[in-house]
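A short worksheet on the structure shown next.
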Protein chains: 2
Amino acid sequence: MTHADLFRALADPTRRAVFERLAAGEMTVSELKAGFAVSQPAISQHLAALRGAGLVEERRQGRNAYYRARPEGLAPLTDWVERYRTFWPARIAALKDVLKGMDQ
Amino acid sequence: MTHADLFRALADPTRRAVFERLAAGEMTVSELKAGFAVSQPAISQHLAALRGAGLVEERRQGRNAYYRARPEGLAPLTDWVERYRTFWPARIAALKDVLKGMDQ
DNA sequence: CTTCCAAATAAGTCGGTGCTTATGTATCGG
DNA sequence: CCGATACATAAGCACCGACTTATTTGGAAG
């Protein structure tokens, strides 16, 4: 699982949409397919790509495959961005606000 | 400049490398080319893609084109990631530490 | 076992993308 | 002007990537 895999996985709109739907909750391939205008093999292929990028996990049960998002898989991406946050002071304040709101 | 443009622009390794080099400082196309094993037109094409994604700015002076990174262009990307940070509590603490260190 | 269903894999098509070489457009220096 | 330099654009090519249909694998159910 390399940097390039991650970026390339997210480059496709359909694949991003799949990830977004899985972030909402675990789902089988059939349930996923229902939301998209592509064939079942296409979905399986996207899932394989997302899996290779560390963005998705699967759990087999009977003849169903349950997939769920793996948000930690985004870590390499944010780490990469982090390197340029130095040159990007404007957004730091906003981010601080977000985190402040998370304090309990 | 859409989400897809940004993600696709970053999907190419050479293009990411170009962006990274430009983040270190403004540079002409010729200077950029020196660091890569591709032709000058290839560099210009990558720069056009990065420019279309809002990741790069140019400044013309005489017959030189000075390019510099535009880190704010990464905003749509971090905004997108931010939506999944909710499902990703593990990294919040680390990020808080980073921001804490930025306090003066 | 046979049939049905969920999902993955195979194989082929087709447009997109990254590269090349060739050419165009300015600008600088003589 | 003129040649040289910096960069962009054009055109062609090879590969990749997303899709399709067809087929395979494997569990569930009769």
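Chain naming here is simple, since letters A, B, ... match the order of the sequence lines and numbering starts at 1 in each.
- Atom P of nucleotide D/dA8 and atom CG of B/Asn64 are separated by 10 Å, given to the nearest angstrom.
- The shortest distance between side-chain heavy atoms of A/Tyr66 and A/Arg60 does not fall below 4.5 Å.
- With hydrogens and angles ignored, a donor-acceptor pair closer than 3.5 Å exists between the side chain of B/Gln40 and the base of D/dA8.
- Contact record, B/Leu10 with A/Trp80: CD2-CH2, 3.7 Å, taken as the closest heavy-atom pair.
- The residue B/Gln61 sits apart from the nucleic acid: no heavy atom pair falls under 4.0 Å.
- Between B/Tyr67 and B/Glu58, the side chains place a donor N or O and an acceptor N or O closer than 3.5 Å (distance only, hydrogens not considered).
- Protein chain B contacts DNA chain C over a range whose 5' and 3' limits, counting nucleotides with an atom under 4.0 angstrom from a non-hydrogen atom, are C/dT17 to C/dC28.
- Along DNA chain D, the nucleotide closest to B/Ser44 and the one closest to A/Gly62 are compared, and the more 5′ of them pairs with B/Ser44.
- Rounded to a whole Å, the CD atom of A/Gln45 is 16 Å from the P atom of D/dC16.
- Annotation: side chain of A/Arg21 is in contact with side chain of A/Phe36 (closest heavy-atom distance under 4.5 Å).
- When each of A/Ala11 and B/Pro41 is assigned the nucleotide of DNA chain D with its nearest heavy atom, B/Pro41 is the one assigned upstream, toward the 5' end.
- Dashed line: the shortest gap from a side-chain N or O of A/Arg63 to OP1 or OP2 of D/dT25 is not under 4.0 Å.
- Looking at heavy atoms from C-beta onward, B/Leu55 lies out of side-chain contact with B/Leu22 at the 4.5 angstrom threshold.
- For B/Glu57, the side-chain hydrogen bond (donor to acceptor under 3.5 Å, both in side chains) partners at least two apart in sequence or on another chain are B/Arg68.
- OP1 or OP2 of D/dA18 sits under 4.0 Å from a side-chain N or O of A/Arg15.
- When the C1' atoms of four end pairs are superposed on the next four at each end of the helix from C/dC1-D/dG30 to C/dG30-D/dC1, using five pairs per end, the two resulting axes differ in direction by 20°, to 10°.
- When heavy atoms are screened at a 4.0 angstrom cut-off, A/Ala65 is found touching the sugar-phosphate backbone but no base atom.
- Put simply, CZ on B/Phe7 is 18 Å from P on D/dG17, counting in whole angstrom units.
- As judged by a 4.0 angstrom heavy-atom cut-off over every strand, A/Tyr66 is placed among residues making no nucleic acid contact.
- Looking at A/Glu82 and A/Thr78, their side chains never bring a donor and an acceptor atom within 3.5 Å of each other.
- In this structure, the CD1 atom of A/Ile43 is 14 Å from the P atom of D/dT21, given to the nearest Å.
- Taking atom NE2 of residue B/His46 and atom P of nucleotide D/dT9, one finds them 15 Å apart after rounding to whole Å.
- No side-chain heavy atom of B/Arg70 sits less than 4.5 Å from a side-chain heavy atom of B/Val56.
- In this structure, the separation between CG on B/Asp5 and CZ on B/Arg51 is 13.5 Å, given to the nearest 0.5 Å.
- For A/Arg16 and B/Phe7, the positive end sits near the middle of the six-membered ring, less than 6.0 Å away and at most 45° from its axis.
- The distance from atom CZ of B/Arg8 to atom P of D/dG17 is 13 Å, rounded to the nearest whole Å.
- Atom CG of B/Leu50 is separated from atom C1' of D/dA8 by 16 Å (rounded to the nearest Å).
- When the C1' atom of D/dA6 is taken as reference, atom NZ of B/Lys33 falls 12 Å away, rounded to whole Å.
- Distances shorter than 4.0 Å separate some side-chain N or O of B/Tyr67 from OP1 or OP2 on D/dA8.
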